[in-house]
*Asks:* 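Here you go, one structure.
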2 protein chains.
Amino acid sequence: MKLSTRAQYGTRALLYLAVRQEKGPATLKDIARSQQIPLSYLEHLMTPLIAGGVVRSVRGPRGGVALARSSDKIKLDEVVQLLEGSSAPVECVDNPNVCDRSRSCVTRDVWSDLKRAVDTVLESTTLQDLVERQKRKQPSEQEMYYI
Amino acid sequence: MKLSTRAQYGTRALLYLAVRQEKGPATLKDIARSQQIPLSYLEHLMTPLIAGGVVRSVRGPRGGVALARSSDKIKLDEVVQLLEGSSAPVECVDNPNVCDRSRSCVTRDVWSDLKRAVDTVLESTTLQDLVERQKRKQPSEQEMYYI
DNA sequence: GAGTTTGTAGACCATTTTAGTCGACAATAG
DNA sequence: CTATTGTCGACTAAAATGGTCTACAAACTC
Ligand code: FES
Ligand code: FES
């Protein structure tokens, strides 16, 4: 039940954008430096986030990326879905046909419960929630370095 | 958030043992055939389960493996732990020192929530629960083939 | 419109993990 | 002793992961 670095890096990057939302777009370079993510890897994480409508980008000088919506409208389940795919721990939870006996398989029921539990957590957490938790933890922090 | 085949195969194998618990040990060969698991792979799954005290084994003719305890005393979290390691989605949840800022990291808090949610499901499900769910689903099934 | 600054797309690659095989061996029933 | 079972370790093929690099496209500045 591991999460790849994609979701970890991606969430950190989005949190960074959420914190400085009013300051306009941030460059990928800034995000990469501040969040300790390899720049050329971060590019690849942005692609699905942009395609998924979570982030918008502006090219050219003074460009960068920013959240496409306000942070309280972005739930983590969407972020994780875009970066890692479904949260189903085994494929047949989403797609019963891959196992021929899935109709009567009780282990599949457990894996479904697992997916439901994970989604419940991720659906109930928005980027704004993270920003607020962070304010509570380090109210006087000036810049947000590596989380 | 994927589960490897180890946990899937392992759980199926244990469920098989739970269903036929009173019949004494089953051979690995039987389990492998019935649950569609490569025999030589199944051997490797049994090792940690035996070491972890979930399964006991008997060598020699008429030998095999059986549950080491009654099925209602075996929770799935133990099984998954033995076969996959911790359910923590990122390492710093279990071991905060791997990230230097873990004290103030809010994304880590989310991953902790995730682990908690997963563990809650797995701790509240025993092999006996699975057996009962199965009886309810296919009360007249004679043998348990591939789940 | 030349030049610089940004993001975009794709091919490419090294390492690690996963899933599995194989062969030798150990225990034990008969 | 021998057949039958489990045990252990080395090995391997294939996939996933985590990343780099090059070429390019858009947009702003002068
Ligand atoms: S249906 Fe897919 S594991 Fe049983
Ligand atoms: S502390 Fe490990 S990801 Fe933030």
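Source: prediction; values computed, not measured.
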*Asks:* In whole angstrom, what separates B/Gln8's CD from C/dG20's C1'?
*Replies:*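 About 15 Å, once rounded to whole Å.
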*Asks:* Hey, which sits more toward the 5' end of DNA chain D by its nearest nucleotide, B/Ser40 or B/Ala26?
*Replies:*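 With B/Ala26 and B/Ser40 compared, the 5'-side residue is B/Ala26.
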*Asks:* Are A/Pro89 and A/Met1 close enough that some pair of their side-chain heavy atoms sits under 4.5 Å apart?
*Replies:*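 Yes - at least one pair of side-chain heavy atoms lies under 4.5 Å apart.
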*Asks:* At a heavy-atom distance below 4.0 Å, what parts of residues 77-93 of chain B sit against DNA chain D?
*Replies:*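 Result for residues 77-93 of chain B: none.
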*Asks:* Quick check on C/dG20: is either OP1 or OP2 less than 4.0 Å from any side-chain nitrogen or oxygen of B/Tyr9?
*Replies:*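 Answer is yes, contact under 4.0 Å.
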*Asks:* Where do B/Lys75 and B/Glu123 come nearest, in terms of heavy atoms and distance?
*Replies:*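 Closest heavy-atom pair between B/Lys75 and B/Glu123: CD-O, 3.2 Å.
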*Asks:* Can you check the B/Leu39 CG to C/dC22 C1' distance for me, whole Å?
*Replies:*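 Between C1' of C/dC22 and CG of B/Leu39: 12 Å.
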*Asks:* Whole Å only: how far is the CZ atom of B/Arg56 from the C1' atom of D/dT5?
*Replies:*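 In whole Å, D/dT5 C1' lies 15 Å from B/Arg56 CZ.
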*Asks:* What is the distance from NZ of A/Lys2 to C1' of D/dG18, rounded to the nearest Å?
*Replies:*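 In whole Å, D/dG18 C1' lies 17 Å from A/Lys2 NZ.
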*Asks:* Return the nearest nucleotide to the side chain of A/Thr27; candidates are D/dT5, C/dT6, D/dC21.
*Replies:*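 The nucleotide sitting nearest to the side chain is C/dT6.
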*Asks:* Regarding B/Arg20 and B/Asp30, does a basic nitrogen lie under 4.0 Å from an acidic carboxylate oxygen?
*Replies:*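 Between B/Asp30 and B/Arg20 there is no salt bridge, as every charged N stays at least 4.0 Å from the carboxylate O atoms.
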*Asks:* What's the closest nucleotide to the side chain of B/Ser57 if the choices are D/dC21, C/dG7, D/dG6?
*Replies:*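 Shortest atom-to-atom distance from the side chain points to D/dG6.
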*Asks:* Just by modelled atom types, is the A/Ser4 backbone N or O under 3.5 Å from a matching donor or acceptor in the A/Glu84 side chain?
*Replies:*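 Yes: the side chain of A/Glu84 pairs with the backbone of A/Ser4.
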*Asks:* How about B/Arg133 and A/Val110: do any of their side-chain heavy atoms sit closer than 4.5 Å?
*Replies:*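 Contact flag for B/Arg133/A/Val110 side chains = yes.
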*Asks:* Take nucleotides 24-30 of chain D nucleotide by nucleotide from the 5' end and write B, S or -, depending on whether a protein heavy atom sits under 4.0 Å from the base, only from the sugar-phosphate, or from neither.
*Replies:* -BBBB--
*Asks:* How long is the line joining CG of A/Leu28 and P of C/dT8, in whole Å?
*Replies:*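 In whole Å, C/dT8 P and A/Leu28 CG are 7 Å from each other.
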*Asks:* Output yes when at least one side-chain N/O atom of A/Ser4 is less than 4.0 Å from OP1 or OP2 of D/dG18, else no.
*Replies:*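 The answer is yes; a side-chain N or O of A/Ser4 sits under 4.0 Å from OP1 or OP2.
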*Asks:* What I'd like to find out is whether the side chain of B/Leu114 reaches to under 4.5 Å of the side chain of B/Val118, using heavy atoms alone.
*Replies:*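 Side chain of B/Leu114 against side chain of B/Val118, heavy atoms only: no contact under 4.5 Å found.
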*Asks:* Could you give the CE-to-P distance, from B/Met1 to D/dT17, as a whole number of Å?
*Replies:*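 Nearest whole value for this atom pair: 13 Å.
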*Asks:* What's the CE-C1' distance between B/Met46 and D/dG9, to the nearest Å?
*Replies:*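 Atom-to-atom, B/Met46 to D/dG9, this comes out as 19 Å.
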*Asks:* For the backbone of A/Asp129 and the side chain of A/Thr126, can you confirm whether one donor and one acceptor N or O come within less than 3.5 Å of each other?
*Replies:*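 Here the side-chain-to-backbone pair exists.
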*Asks:* Return the value, rounded to whole Å, for the distance between atom OH of B/Tyr41 and atom C1' of D/dT12.
*Replies:*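 B/Tyr41 atom OH is separated from D/dT12 atom C1' by 14 Å.
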*Asks:* Would you call B/Asp113-B/Arg116 a salt bridge at under 4.0 Å N-O?
*Replies:*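 Yes, charged N to carboxylate O under 4.0 Å.
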*Asks:* Has the side chain of A/His44 got a donor or acceptor atom sitting under 3.5 Å from an opposite partner on the base of D/dT20?
*Replies:*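 It does, because a donor-acceptor pair links the side chain of A/His44 to the base of D/dT20 below 3.5 Å.
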*Asks:* Could you check which of C/dG7, C/dA19, D/dC21 has an atom nearest any side-chain atom of A/Glu43?
*Replies:*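 The answer is D/dC21, which lies nearest to the side chain.
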*Asks:* Quick one: do A/Ser70 and A/Gln21 satisfy side chain to side chain donor-acceptor pair (under 3.5 Å)? Show the steps, please.
*Replies:* CA-CA 8 Å; A/Ser70 68; A/Gln21 195 162 17; 5.5 Å; no
*Asks:* Where the side chain of B/Ser124 meets the backbone of B/Val121, is there a donor-acceptor pair that is under 3.5 Å apart?
*Replies:*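 Yes, because the side chain of B/Ser124 sits within donor-acceptor range (under 3.5 Å) of the backbone of B/Val121.
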